[in-house]
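Just below is one structure, and these are the notes that go with it.
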Amino acid sequence: QVQLVESGGGLMQAGGSLGLSCAASGRTRSTYAMAWFRQAPGKEREFVAAVTWSDGRTYYADSVKGRFTISRDNAKNTVYLQMNSLKPEDTAVYYCAAGDSYFGPASRGYDYWGQGTQVTVSS
């Protein structure tokens, strides 16, 4: 089992920046990739970004490409999401996910999920 705890959400004005963190614990040695997803009220959960644990390959949703950056710190078992140029449509609960064998945008590919952290962007 892998436990994931997100932090760093909050309220920000449009155009501002926020950083999220996701600390992993437990059987992290089996983790192949980690990702961020988000879910806005009344909408389905959507992929934001993913990173492979070993070599740091990244993959972004088109909606955040050029604005968001995913990174990881293997020594700290932590993955980050730096969000710049925030827009009101970025408002959502952001979830961290970890997968043992998958790297990509499909939520079903990830085995473990955090509890989520709220990000609200005001116009």
Side-chain angles (χ1 to χ4, degrees):
Q1 292 286 330
V2 175
Q3 293 78 44
L4 304 171
V5 178
E6 302 100 333
S7 60
L11 174 65
M12 177 56 65
Q13 286 189 332
S17 299
L18 273 176
L20 304 182
S21 299
C22 174
S25 61
R27 290 181 54 194
T28 57
R29 286 192 174 187
S30 65
T31 300
Y32 177 64
M34 295 185 70
W36 289 95
F37 288 77
R38 66 187 181 186
Q39 187 166 18
K43 295 188 176 182
E44 294 187 354
R45 188 171 298 188
E46 66 171 354
F47 170 75
V48 176
V51 62
T52 54
W53 205 242
S54 60
D55 58 4
R57 283 178 291 140
T58 57
Y59 182 27
Y60 294 94
D62 287 343
S63 59
V64 306
K65 202 172 293 182
R67 299 189 298 124
F68 291 11
T69 302
I70 189 170
S71 62
R72 89 276 189 240
D73 185 329
N74 296 52
K76 296 182 179 180
N77 285 334
T78 299
V79 65
Y80 304 96
L81 185 69
Q82 179 62 38
M83 305 182 292
N84 299 328
S85 302
L86 283 163
K87 304 175 181 180
E89 51 264 43
D90 294 320
T91 296
V93 176
Y94 282 70
Y95 296 91
C96 177
D100 290 341
S101 59
Y102 177 76
F103 169 61
S107 60
R108 66 182 181 276
Y110 295 89
D111 304 289
Y112 308 101
W113 293 83
Q115 80 288 352
T117 186
Q118 177 71 46
V119 171
T120 302
V121 183
S122 62
S123 58

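Bear in mind that the values here come from a model prediction, so they are computed numbers and not experimental data.
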- Side chain proximity check, W113 to C96, heavy atoms < 4.5 angstrom: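 Result no, sub-4.5 Å side-chain heavy-atom pair not found.
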- Query: Heavy atoms, side chains only, cut-off 4.5 Å: are V79 and W36 in contact?
  - Reply: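 A side-chain contact under 4.5 Å exists here.
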Would you give the length of the straight line joining atom [atom1] of [X] to atom [atom2] of [Y], rounded to the nearest 0.5 angstrom?
{"X": "M83", "Y": "M12", "atom1": "CE", "atom2": "CE", "result": "9.0 Å"}
{"X": "W53", "Y": "S30", "atom1": "CH2", "atom2": "OG", "result": "11.5 Å"}
{"X": "T52", "Y": "F103", "atom1": "OG1", "atom2": "CZ", "result": "5.5 Å"}
{"X": "L81", "Y": "T117", "atom1": "CG", "atom2": "OG1", "result": "11.0 Å"}
{"X": "Q13", "Y": "S123", "atom1": "CD", "atom2": "OG", "result": "9.0 Å"}
{"X": "Q82", "Y": "R67", "atom1": "CD", "atom2": "CZ", "result": "12.0 Å"}

- Task: Indicate yes or no for a side-chain donor-acceptor contact from R72 to the backbone of S54 under 3.5 Å, with no hydrogens or angles considered.
- Result: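 Yes.
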- Any donor and acceptor pair, going by atom type alone, linking the side chain of T91 with main-chain N or O of V121 inside 3.5 Å?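 Yes; judged by distance alone, with no hydrogens or angles, the pair exists.
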- Hey, quick one: are Y95 and L4 part of the same hydrophobic cluster, counting side-chain heavy atoms closer than 4.5 Å, chains of contacts allowed?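 As far as the 4.5 Å side-chain criterion goes, L4 and Y95 are not connected within one cluster.
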- Message: Applying a strict under-4.5 Å side-chain criterion to I, L, V, M, F, W and Y, I'd like to know whether V119 and M34 cluster together.
- Response: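 Per the 4.5 Å side-chain linkage, V119 and M34 are co-clustered.
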- Query: For the residue pair Y110 and Y102, is the inter-centroid distance of their aromatic rings smaller than 6.0 Å?
  - Reply: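 For Y110 and Y102, the ring centres are under 6.0 Å apart.
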- Can D62 and K65 be counted as an ion pair, charged N to O under 4.0 angstrom?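 Yes, this pair counts.
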- Message: Between D90 and R38 (salt bridge meaning N to carboxylate O under 4.0 Å), is one present in this structure?
- Response: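 Between R38 and D90 there is a salt bridge, with a charged N closer than 4.0 Å to a carboxylate O.
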Return the minimal non-hydrogen interatomic distance between [X] and [Y], and the atom names on each side.
{"X": "G8", "Y": "L18", "value": "O-CD2, 4.1 Å"}
{"X": "T28", "Y": "V2", "value": "N-CG2, 4.3 Å"}
{"X": "A40", "Y": "A92", "value": "N-CB, 3.8 Å"}
{"X": "S17", "Y": "N84", "value": "OG-OD1, 2.9 Å"}
{"X": "D111", "Y": "D100", "value": "OD2-N, 2.8 Å"}

- Run the side chain to side chain contact (heavy atoms under 4.5 Å, CB included) check on F68 and L86 step by step: do they pass? CA-CA 9 Å; F68 291 11; L86 283 163; 4.0 Å; yes
- Worked verdict on Q115 versus E6 for side chain to side chain contact (heavy atoms under 4.5 Å, CB included): CA-CA 7 Å; Q115 80 288 352; E6 302 100 333; 2.8 Å; yes
- Task: Test side chain to side chain contact (heavy atoms under 4.5 Å, CB included) on S21 and K76 and set out the steps.
- Result: CA-CA 11 Å; S21 299; K76 296 182 179 180; over 6 Å; no
- Item | Derivation and outcome, side chain to side chain contact (heavy atoms under 4.5 Å, CB included), residues S71 and Y80 | CA-CA 5 Å; S71 62; Y80 304 96; 3.6 Å; yes
- Measure up the F37 and F47 rings against each other and bin them: parallel (under 30°), tilted (30 to 60°), perpendicular (over 60°).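 Answer is perpendicular, since the angle exceeds 60°.
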